[in-house]
Amino acid sequence: MRAPTFAYHGIAASELRAARAVGEAEELAEHRFVQLPDLRESGDIPGATFGSLPKTYIPLRNAVFYSLAAAFAEEVRADVIVGGHNRDDLQVFPDTSRSFFNAMQRALRKGSPVLERRRIRLLRPLQYRSKERVISLAASLDVPFGLTWSCHREGDRHCWNCDGCRARIEAFKAAGIRDPLFAGRHHRPFRYPSA
Ligand SMILES: [Zn+2]
């Protein structure tokens, strides 16, 4: 298995470190870090308006990411590209819709004889699962939660206050699963009451 990680403008170094750690834990055959310093979240684009989309929206992110992933796939003769978009993403971002991915898959095959011959497929196995159900599945697969990163801010630890952190707390809570990172933050050593 091979994977790209896209380092767009302003991505937290902590997130890149976590991606590298997860890649190592999964023993990827290749983990490619693609530098995209000009690709910015809408919240980092002065004066831009994107309607009701959240400030984490990146204009046409998935058209860019999947094109680059497909170039990688063409190079290494892969048959499938797997994306981790969940049901919650589909409700917010237009470039995670089924119609977008169907059109993207057609465009990639049209654009590359290799990908056409290999019938490249864009798979999204989590697309019908909420975040909470993704957490449940991940727990059953022994995903190393302790290596993962959800915070939008820079630092060695999650801030537990940004949108990414709050969504993580809620998803683990709804799934009824202990988050080793969050639990660690709140752990206080037991002390006998003083006499
Ligand atoms: Zn945070």
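Sequence positions, counted from 1, serve as the residue numbers for this chain. Counting starts at 1 for both ligands and their atoms, in listed order. Quick caveat, the model's predicted, so the values are computed rather than measured.
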Are T56 and D163 side-chain neighbours, meaning at least one heavy-atom pair lies under 4.5 Å?
no
Mind listing the protein N/O/S atoms less than 2.8 Å away from the Zn ion (ligand 1)? Waters don't count.
C151 SG, C159 SG, C162 SG, C165 SG
Test salt bridge (charged side-chain N to carboxylate O under 4.0 Å, His left out) on E75 and R2; report intermediate values, then the result.
CA-CA 12 Å; E75 196 183 305; R2 301 164 194 266; over 6 Å; no
Who passes ring-ring contact (aromatic ring centres under 6.0 Å, His included) against H85, sequence neighbours left out?
Y66, F101
What pairs meet the ring pair (Phe, Tyr, Trp, His ring centres under 6.0 Å) rule with one or both residues in residues 110-148, with sequence neighbours excluded?
F145-F172
Given a cutoff of under 4.5 Å between side-chain heavy atoms of I, L, V, M, F, W and Y, with clusters grown through shared members, what are the other residues clustered with M1?
L28
Please work out whether the ring planes of F33 and H31 are parallel, tilted or perpendicular, with thresholds of 30° and 60°.
tilted
